[in-house]
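Step one of this worksheet: look at the structure below.
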Amino acid sequence: LFNLNKKIKLLGRARSGIYLAVKLLLKNSKNKVVLLSPFTIPEVVDLVICAGGKPLFLEHDEGSTNISIKDLKKKIKLTPNSLILTHYNVNQKNYRDIFSICKKNKVFLIEDCAISISGSSQNTNIGSLSEFTIYSFSSFKFINYFLGGCICYKKKYKKVINKETE
């Protein structure tokens, strides 16, 4: 369904995937700053904090939900640990550009696809470039499973994800 070369772990709630991803990426990091969209549910912000992160919000391009590349380039100089990239019902238009900026600056990318189940941007499948991708299956989402979600992750995280979720 997701067309990704990643492992999948089903979760009770998708938002627990945000906590898990942030916790794992912050584990041995001195910098606890996590960049994220201000257009998110309060629980996502709370889970970043509970995982040990310090949220720092990015601006969006005017009249859209696309992250401002100008603001990202400015705030990435603060050497954040990671960026939670939220795809809405319209996927981030600068997906590959955002990934390139993160990679160049050694910032981990986490994708929040709670309301965007698939698609592409800049000829790249959503969810394919990040360390972790989170999907939600609650009753008002694209895949209706009443509650639940999953975390998709690169194979190198398999052992630590299994240990943490046990």
Side-chain angles (χ1 to χ4, degrees), residues 1-29 31-37 40-41 43-45 47-48 50-53 55 58 65-67 72 76 80-138 140-166:
L1 175 67
F2 303 122
N3 197 24
L4 304 175
N5 188 20
K6 291 184 178 179
K7 298 289 185 186
I8 295 175
K9 180 67 113 179
L10 295 174
L11 302 168
R13 299 285 296 191
R15 60 190 69 161
S16 59
I18 297 285
Y19 170 80
L20 186 59
V22 172
K23 180 180 177 183
L24 296 176
L25 293 175
L26 291 178
K27 189 172 185 175
N28 296 315
S29 176
N31 195 333
K32 305 297 183 185
V33 173
V34 178
L35 300 173
L36 63 150
S37 168
T40 190
I41 60 173
E43 288 84 353
V44 167
V45 180
L47 289 167
V48 167
C50 286
L58 291 167
T65 56
N66 291 304
I67 284 179
L72 175 60
I76 211 145
N81 172 277
S82 49
L83 162 64
I84 299 175
L85 180 63
T86 303
H87 297 285
Y88 300 92
N89 51 351
V90 176
N91 294 324
Q92 290 288 327
K93 73 176 182 181
N94 297 313
Y95 180 51
R96 288 191 72 77
D97 299 333
I98 292 166
F99 170 73
S100 295
I101 292 167
C102 287
K103 186 174 180 176
K104 178 182 174 189
N105 291 279
K106 298 180 181 165
V107 172
F108 295 108
L109 184 61
I110 302 167
E111 291 181 73
D112 179 351
C113 294
I115 56 175
S116 176
I117 202 65
S118 67
S120 64
S121 174
Q122 295 180 300
N123 297 316
T124 304
N125 287 341
I126 295 302
S128 64
L129 300 176
S130 58
E131 300 294 304
F132 299 96
T133 307
I134 315 304
Y135 295 96
S136 178
F137 306 146
S138 40
F140 54 93
K141 302 292 173 71
F142 294 105
I143 297 178
N144 182 335
Y145 194 65
F146 299 107
L147 67 104
C150 74
I151 184 169
C152 298
Y153 52 92
K154 290 183 175 181
K155 293 173 184 164
K156 68 182 179 180
Y157 296 107
K158 182 178 181 180
K159 214 179 239 186
V160 69
I161 289 282
N162 286 338
K163 181 179 179 187
E164 191 69 31
T165 56
E166 283 175 7

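In this structure, the side chains of Lys158 and Lys9 stay at 4.5 Å or more apart for every pair of heavy atoms. Put simply, the side chain of Leu10 reaches to within 4.5 Å of the side chain of Cys150, judged on heavy atoms.
Ring geometry for Tyr95 versus His87: interplanar angle over 60°, hence perpendicular rather than tilted (30 to 60°).
Residues satisfying the salt bridge (Lys or Arg N to Asp or Glu O under 4.0 Å) test with Lys32, not counting sequence neighbours, are none.
Remark: the backbone N or O of Val107 is not paired with any side-chain donor or acceptor of Asn105 at under 3.5 angstrom. A side-chain donor-acceptor contact under 3.5 Å links Gln92 to the backbone of Thr65. With hydrogens and angles disregarded, a donor-acceptor distance shorter than 3.5 Å links the side chain of Lys6 to the backbone of Ser130. Asn66 places a side-chain N or O within 3.5 Å of a backbone atom of Lys93 that can act as its donor or acceptor partner.
Ile161 and Phe132 make their closest contact through CD1-CE2, 3.8 Å (heavy atoms, listed as atom of the first residue, atom of the second, distance). Nearest heavy-atom pair across Ser37 and Thr40 is O-CG2, 3.4 Å. A pairwise comparison of heavy atoms in Ala51 and Leu26 identifies O-CD1, 3.7 Å as the closest pair. Heavy-atom minimum distance, Val45 versus Pro55: CG1-CG, 3.9 Å. Counting all heavy atoms, side chain and backbone alike, Leu25 lies closest to Ser82 at CD1-CB, 4.3 Å. Nearest approach of Ile110 to Ala21, heavy atoms of both residues: CD1-CB, 3.9 Å.
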Could you go through the side chain to side chain contact (heavy atoms under 4.5 Å, CB included) check for Leu58 and Leu83 one step at a time? CA-CA 10 Å; Leu58 291 167; Leu83 162 64; 3.4 Å; yes
Walk me through it: do Ile134 and Arg15 pass the test side chain to side chain contact (heavy atoms under 4.5 Å, CB included)? CA-CA 8 Å; Ile134 315 304; Arg15 60 190 69 161; over 6 Å; no
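Distance NZ/Lys104 to CD1/Ile101: 8.5 Å, rounded to 0.5 Å. Leu85 contributes atom CG, which lies 10.5 Å from atom CG of Leu35 (distance to the nearest 0.5 angstrom). Taken to the nearest 0.5 Å, the CD1 atom of Ile67 stands 4.5 Å off from the CD1 atom of Ile98. Between Thr86 atom OG1 and Ile41 atom CD1 the span is 9.5 Å, to the nearest 0.5 Å. Going from atom CZ of Phe99 over to atom CG of Asn94 covers 14.5 Å, rounded to the nearest 0.5 Å. Note that CG of Asn162 and OH of Tyr153 are 5.0 Å apart. Values are rounded to the nearest 0.5 Å.
Using a cut-off of 4.0 Å between Lys/Arg side-chain N and Asp/Glu carboxylate O, Arg13 and Glu43 are scored as not salt-bridged.
For Lys7, the NZ atom counts as loosely surrounded, since its 6.0 Å shell holds 12 or fewer non-hydrogen atoms of other residues, nucleotides or ligands.
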